[in-house]
Amino acid sequence: MNASISTLVVVAVILPTVLGSITLLALRHRLGFSRLISLGSCLALVGIAAALTVHASGGTVESYALGNWRAPFGIVLVLDRLSAMMLLLTAVLALAVMTYAVVTGADRKGWHFHPLFQFQLLGLNGAFLTGDLFNLFVFFEVLLIASYGLLLHGQGAARLKAGVQYVVINLVGSTLFLVGVGLLYGVTGTLNMADMAVRVAAAPPGDQGLVAAAALVLTVVFALKAALVPLHFWLPGAYAATTGAVAALFAIMTKVGAYAIIRTGTLIFGEDAGALAFLTGAWMLPAALITTVIGFIGLFAARTLREMAAWSVVGSMGVLLSAVSVFRVEAMGPALYYVLHSTLAGAALFLVVDLIAKRRGQHGDALTVAPRFCQSEILSGLFFLAAIGVVGLPPLSGFIGKLLILDGVRAAPEAAWIWGTILITTLIGVLAFARAGSRIFWKSAAVEGHIPMRVLRGRRGGVAAAAGLLATLAALSLLGGQVTAYTEAAAAQLFEPQQYIAAVLGETAGGRR
């Protein structure tokens with residue numbers, strides 16, 4: 001690996017680790033310094049991720065062996081188009097969320113917000129870069145610990161209840177993860193994903209049943225992380241109970257599950273796996289379609305704006321995994337574009353909803369008619385943009401993403417089901433957000449009185465951070481040609497895993513195949 005690139009890859013993992021430790025041990029009670037360090041870290045990660053994405057766009061897969069231990073015996077970090085894209089998405093989202101937390105004072109509600117935030121970035125970046133299945137489990141656990149702390153940030157009975165449920169469910173998932181990893185290790189004798197891909201492809205018929213069972217166990221774990229039906233029930237309560245800034249950051253958490261499904265499904269259980277190729281797609285597609293329906297119907301059942309935002313995450317994951325589950329290169333490119341859109345759109349909606357709730361006083365984010373509030377005009381515009389972004393209407397990138405998915409799955413046997421589900425649920429989403437917007441803004445405009453500005457207690461910021469995320473959706477539309485070219489190239493690279501395997505195993509790859 002190029003020396004400068006290897007340095008950046010390592011720094012993407014080490015930087016949040018070191019800065020998180022510093023803010024925890026030395027700056028826990030010095031909020032000003034913690035804010036500077038966190039904002040500096042997020043800015044640095046944006047620059048690092050952008051440089052890595054530019055490098056990865058050339059098509060080269062880079063592997064870095066930690067401690068100079070060669071794969072498959074040592075731990076490796078691997079950079080390709082997909083991992084670079086996910087790093088950049090994480091960094092951009094983190095910068096927007098951290099800016100929002102600082103200007104609104106959301107980080108004041110507890111002493112450990114900033115170190116937990118950095119450890120969350122550690123888990124995310126590590127999960128996207130690791131080339132080792134066991135270390136994917138380790139980074140999942142880092143995510144779990146940090147996200148649990150962030151979920152409880154600000155305290156409250158509702159958050160504690162949601163947090164306990166969140167931890168219990170994810171601990172069950174962690175146990176199943178270890179079971180799946182243990183089964184695969186027992187059969188293949190390796191934990192390195194590239195080496196495992198080679199050995200699974202060469203597995204004798206007598207071992208294929210055990211490998212298939214392990215693959216299904218792992219997919220259940222990843223589906224839990226991705227909130228796929230019937231493993232979605234933990235998400236609405238958890239995301240709706242936490243603070244707006246944390247919920248916005250959590251918009252990328254479900255994408256870690258989707259990433260793991262994509263990575264293992266195309267690398268370990270890809271086309272070269274013979275009878276085991278893409279074995280999880282057959283059952284995952286019906287679950288994804290049901291997830292889409294339940295997510296968008298949940299918008300109507302929601303009683304608050306936060307619950308609507310949480311259910312929209314479930315619905316968007318259904319749309320994403322509907323495209324992923326057909327495991328076709330022409331559908332995977334649109335799915336990766338939709339990953340970018342749905343993450344940023346969901347985060348923007350959570351921030352806009354939080355801004356509205358802070359300004360409505362005792363009415364909060366309840367879907368009830370109330371007097372007008374300060375900045376209602378600009379927030380109505382931001383809510384409208386966030387709603388059409390989540391639903392997938394023009395001119396924002398959600399429309400492009402769904403259109404590309406519909407075109408990408410056109411040749412699949414299940415195309416009619418996917419088309420019908422996406423089009424009908426889009427209409428449902430439009431109606432649900434129209435109902436919510438009319439209650440919060442239109443009908444409230446006719447109510448006498450005005451909620452005083454003092455309910456904000458001097459915290460009027462945050463609009464720019466939410467608007468910035470919405471601007472990125474517009475940028476994804478304006479730069480649609482360049483972005484889709486990248487995502488299509490990333491999809492093509494995923495379905496040609498030989499380059500990944502060769503980059504990790506080097507000269508040993510040919511002999512093991």
Side-chain angles (χ1 to χ4, degrees), residues 8 12 42-60 79-97 99-100 124 128 248 251-252 255 258-259 262 316 319-320 323-324 329-349 351-352 381-382 384-409 422 426 464-494:
L8 291 179
C42 293
L43 280 169
L45 288 174
V46 169
I48 291 169
L52 292 176
T53 302
V54 170
H55 178 79
S57 64
T60 303
L79 179 76
D80 64 354
R81 289 190 178 106
L82 176 58
S83 57
M85 183 191 83
M86 297 306 295
L87 286 179
L88 183 57
L89 175 62
T90 301
V92 171
L93 176 63
L95 179 60
V97 171
T99 302
Y100 180 88
L124 290 167
F128 296 139
I252 200 170
K255 307 308 184 296
Y259 170 86
I262 294 170
S316 69
V319 173
L320 169 61
V324 170
V329 65
E330 57 269 23
M332 191 63 75
L336 296 182
Y337 181 91
Y338 194 76
V339 166
L340 298 174
H341 161 79
S342 59
T343 302
L344 298 172
L349 181 59
L351 295 188
V352 171
L382 292 180
F384 174 75
L385 291 174
I388 66 173
V390 167
V391 171
L393 296 181
L396 297 182
S397 51
F399 176 74
I400 297 175
K402 286 191 174 181
L403 195 63
L404 290 173
I405 287 176
L406 295 178
D407 183 62
V409 302
I422 291 179
T426 298
L469 283 178
L470 292 171
T472 59
L473 301 183
L476 284 177
S477 295
L478 293 174
L479 302 174
Q482 295 92 318
V483 177
T484 54
Y486 184 95
T487 57
E488 289 171 2
Q493 192 175 57
L494 286 170

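Only heavy atoms go into these numbers, but all of them, side chains included; no hydrogens, no water, no symmetry mates. Every value quoted in this text rests on a predicted model; they were computed, and no experiment measured them.
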> Determine the minimum heavy-atom distance between Val352 and Ala386, stating which atoms define it.
CG2-CB, 4.5 Å

> Heavy atoms, side chains only, cut-off 4.5 Å: are Leu479 and Gln482 in contact?
yes

> For a 4.5 angstrom cut-off between non-hydrogen side-chain atoms, does Met85 reach Thr53?
no

> Out of curiosity, Leu473 CG to Phe399 CZ, how far, rounded to the nearest 0.5 Å?
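So the gap between those two atoms works out to 15.0 Å.
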
> Looking at OG of Ser57 and CG of Asp80, how far apart are the two atoms once the value is rounded to the nearest 0.5 Å?
12.0 Å

> Are Asp407 and Leu403 packed together at the side-chain level, in the sense that at least one heavy-atom pair is separated by less than 4.5 angstrom?
no

> Of the non-hydrogen atoms in Ala323 and Ile405, which two are nearest, and what is the gap between them?
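Smallest heavy-atom distance, with atoms named: CB-CG2, 3.8 Å.
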
> Can you see which heavy atom on Ser83 is nearest to which on Phe128, and at what distance?
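The answer is CB-O, 3.1 Å.
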
> To check you understand the geometry: which heavy-atom pair defines the closest contact between Ala347 and Ala251, and what is its length?
N-CB, 3.9 Å

> Roughly how far apart are Arg81 CZ and Thr60 OG1, rounded to 0.5 Å?
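The CZ atom of Arg81 sits 8.5 Å away from the OG1 atom of Thr60.
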
> Say whether, by atom type as modelled, one donor and one acceptor occur between the side chain of His341 and the main chain of Gly401 under 3.5 angstrom.
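Checking the backbone N and O of Gly401 against the side chain of His341, no donor-acceptor pair under 3.5 Å is found.
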
> What heavy-atom pair brings Ala258 and Leu320 nearest, and what distance separates the two atoms?
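That closest heavy-atom pairing would be CB-CD2, 3.9 Å.
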
> Looking at OG1 of Thr90 and CG of Leu88, how far apart are the two atoms once the value is rounded to the nearest 0.5 Å?
8.5 Å

> Any side-chain heavy atom of Tyr486 sitting closer than 4.5 Å to one from Leu336?
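No - every pair of side-chain heavy atoms lies 4.5 Å or more apart.
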
> To the closest 0.5 Å, what do you measure between CG (Leu45) and CG (Leu95)?
9.5 Å

> Is there a side-chain contact between Val339 and Tyr259 (heavy atoms, below 4.5 Å)?
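SC-SC contact between Val339 and Tyr259 ruled out.
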
> Do Ser316 and Tyr338 touch side chain to side chain, with heavy atoms closer than 4.5 Å?
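A side-chain contact under 4.5 Å exists here.
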
> Of the options Leu351, Leu349, Thr343, which is the one that meets Leu469 in a side chain to side chain contact (heavy atoms under 4.5 Å, CB included)?
Leu351

> Please report the shortest heavy-atom distance between Thr426 and Val391, naming the atom on each side.
O-CG1, 3.4 Å

> Would you check if Gln493 and Leu82 make a side-chain contact, meaning some heavy-atom pair closer than 4.5 Å?
no

> To the nearest 0.5 Å, how far apart are CG in Leu79 and CG in Leu87?
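Result: 7.0 Å between the selected atoms.
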
> Between Lys255 and Leu340 (side chain of the first, backbone of the second, donor and acceptor by atom type, cut-off under 3.5 Å), is there such a pair?
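A pair under 3.5 Å: no.
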
> Using a 4.5 Å cut-off on heavy atoms from C-beta on, say whether the side chain of Pro395 contacts that of Ser477.
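The answer is no; the side chains never approach within 4.5 Å.
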
> Using modelled atom types and a 3.5 Å cut-off, is there a donor and acceptor pairing between side-chain atoms of Tyr337 and backbone atoms of Leu476?
yes

